[in-house]
Engineer: 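What follows is a single structure, and I will ask about it in a moment.
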Amino acid sequence: LMSASHKGHLPVVEYLCERAPQGGGGSLLMAADKEYQRAASAPELALPAADWPVKTPEDGKTALMRASLGGHLPVVEYLCERGGKSLVMAAHENGKTAIDLAGNTAVQKYLEERMAAIKASEK
């Protein structure tokens, strides 16, 4: 999920969020790098639906942070819808959020609008 998010492979991100177990699957994560379209639609790779990881233990970044850093707006939008408030507001150990890591202005603007909407709904 993390690799697919960083590389902007929306079909793989969707597949993993819907089907991969907690912690993802090694073969599915490698599919983001090689032959990702084939792997994402392969029925033999289907796994039971479950929650997907929010942060990786290696560096503490979320899939949303990785998609944001890569400037992949469609993936950012999907993950924001799927992950909700907690994913949008998640901060890295250094305090940076997906907004701080945005790889382009379109992603930054979208995330700022999502954050503003979240804060407005809390009032």
Side-chain angles (χ1 to χ4, degrees):
L1 176 63
M2 301 303 167
S3 179
S5 296
H6 183 73
K7 293 175 186 281
H9 299 317
L10 183 58
V12 176
V13 170
E14 291 172 334
Y15 181 84
L16 292 171
C17 288
E18 295 293 328
R19 306 291 298 211
Q22 179 69 25
S27 62
L28 291 173
L29 294 177
M30 287 188 295
D33 293 326
K34 296 181 182 178
E35 303 181 68
Y36 64 92
Q37 290 177 338
R38 181 195 65 78
S41 63
E44 67 272 14
L45 295 177
L47 299 168
D51 291 334
W52 42 279
V54 175
K55 291 184 179 182
T56 60
E58 295 85 26
D59 65 5
K61 289 182 183 154
T62 65
L64 178 61
M65 289 175 188
R66 293 175 186 278
S68 176
L69 182 62
H72 304 297
L73 185 58
V75 176
V76 168
E77 291 170 336
Y78 177 79
L79 291 172
C80 284
E81 291 298 321
R82 177 92 177 156
K85 173 184 167 182
S86 62
L87 187 59
V88 174
M89 300 199 57
H92 188 271
E93 287 85 15
N94 62 12
K96 294 187 184 263
T97 66
I99 294 171
D100 300 316
L101 300 173
N104 62 45
T105 56
V107 169
Q108 183 177 8
K109 181 179 177 192
Y110 175 80
L111 289 170
E112 286 171 347
E113 290 171 357
R114 289 292 300 220
M115 186 70 80
I118 290 168
K119 289 181 179 180
S121 71
E122 292 177 341
K123 291 182 181 184

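Residues take their numbers from the sequence shown, with the count starting at 1. Keep in mind that this is a model prediction, so the values were computed, not measured. Only this structure's heavy atoms are used, side chains among them; waters, hydrogens and symmetry mates stay out.
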Engineer: Please list all pairs passing the salt bridge (charged side-chain N to carboxylate O under 4.0 Å, His left out) test where one or both residues lie in residues 97-107, with sequence neighbours left out.
Structural biologist: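 Salt bridge (charged side-chain N to carboxylate O under 4.0 Å, His left out) check on residues 97-107 returns no pairs.
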Engineer: Look up atom CD1 in Ile99 and atom CE in Met65, then write down how far apart they are to the nearest 0.5 Å.
Structural biologist: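 With rounding to 0.5 Å, CD1 (Ile99) is 10.5 Å from CE (Met65).
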Engineer: Which atom names give the shortest non-hydrogen contact between Ser68 and Val76, and what distance separates them?
Structural biologist: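 Closest approach of Ser68 to Val76, heavy atoms only: N-CG2, 3.7 Å.
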Engineer: Test of understanding: with side chain to side chain contact (heavy atoms under 4.5 Å, CB included), list the residues that count as partners of Ala106, not counting sequence neighbours.
Structural biologist: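 Partners of Ala106 by the side chain to side chain contact (heavy atoms under 4.5 Å, CB included) criterion, ordered by chain and then number, come out as Leu73, Asn104.
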Engineer: Which residues pass the side chain to side chain donor-acceptor pair (under 3.5 Å) test with Glu14, not counting sequence neighbours?
Structural biologist: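 Testing Glu14 for side chain to side chain donor-acceptor pair (under 3.5 Å), a comparison that skips the adjacent residues, returns none.
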Engineer: Which pair of non-hydrogen atoms, one from His72 and one from Val107, has the smallest distance, and what is that distance?
Structural biologist: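 Smallest interatomic distance, heavy atoms only, reads N-CG2, 4.1 Å.
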Engineer: Could you state the interatomic distance from OG1 (Thr105) to CD (Glu112), rounded to the nearest 0.5 Å?
Structural biologist: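 With rounding to 0.5 Å, OG1 (Thr105) is 10.0 Å from CD (Glu112).
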Engineer: Which residues pass the side chain to side chain contact (heavy atoms under 4.5 Å, CB included) test with Lys109, not counting sequence neighbours?
Structural biologist: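 Result, side chain to side chain contact (heavy atoms under 4.5 Å, CB included) vs Lys109: Glu113.
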Engineer: Search all heavy atoms of His9 against all heavy atoms of Val75 and return the closest pair with its distance.
Structural biologist: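 Closest pair (atom of His9, atom of Val75, distance): N-CG2, 4.3 Å.
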Engineer: Please report the shortest heavy-atom distance between Arg66 and His6, naming the atom on each side.
Structural biologist: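 So the two residues come closest at O-ND1, 3.4 Å.
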Engineer: Taking all non-hydrogen atoms of both residues, which atom of Leu79 and which atom of Leu87 are closest, and how far apart?
Structural biologist: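 Shortest heavy-atom separation between Leu79 and Leu87 comes out as O-CD2, 3.5 Å.
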Engineer: Report the residues that fulfil salt bridge (charged side-chain N to carboxylate O under 4.0 Å, His left out) with Lys85, sequence neighbours left out, ordered by chain and then residue number.
Structural biologist: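 Once residues adjacent in sequence are excluded, the partners of Lys85 under the salt bridge (charged side-chain N to carboxylate O under 4.0 Å, His left out) criterion are Glu122.
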Engineer: Say you draw a straight line from OG of Ser5 to OH of Tyr78; how long is it, rounded to the nearest 0.5 Å?
Structural biologist: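 Nearest 0.5 Å value for the OG-OH distance: 10.0 Å.
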Engineer: To the nearest 0.5 Å, tell me how far Leu101 CG sits from Thr62 OG1.
Structural biologist: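 Answer for the CG-OG1 pair, Leu101 versus Thr62, is 8.5 Å.
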Engineer: If the condition is salt bridge (charged side-chain N to carboxylate O under 4.0 Å, His left out), which residues does Glu81 pass it with, not counting sequence neighbours?
Structural biologist: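 Scan of Glu81 (salt bridge (charged side-chain N to carboxylate O under 4.0 Å, His left out), adjacent residues dropped) gives Arg114.
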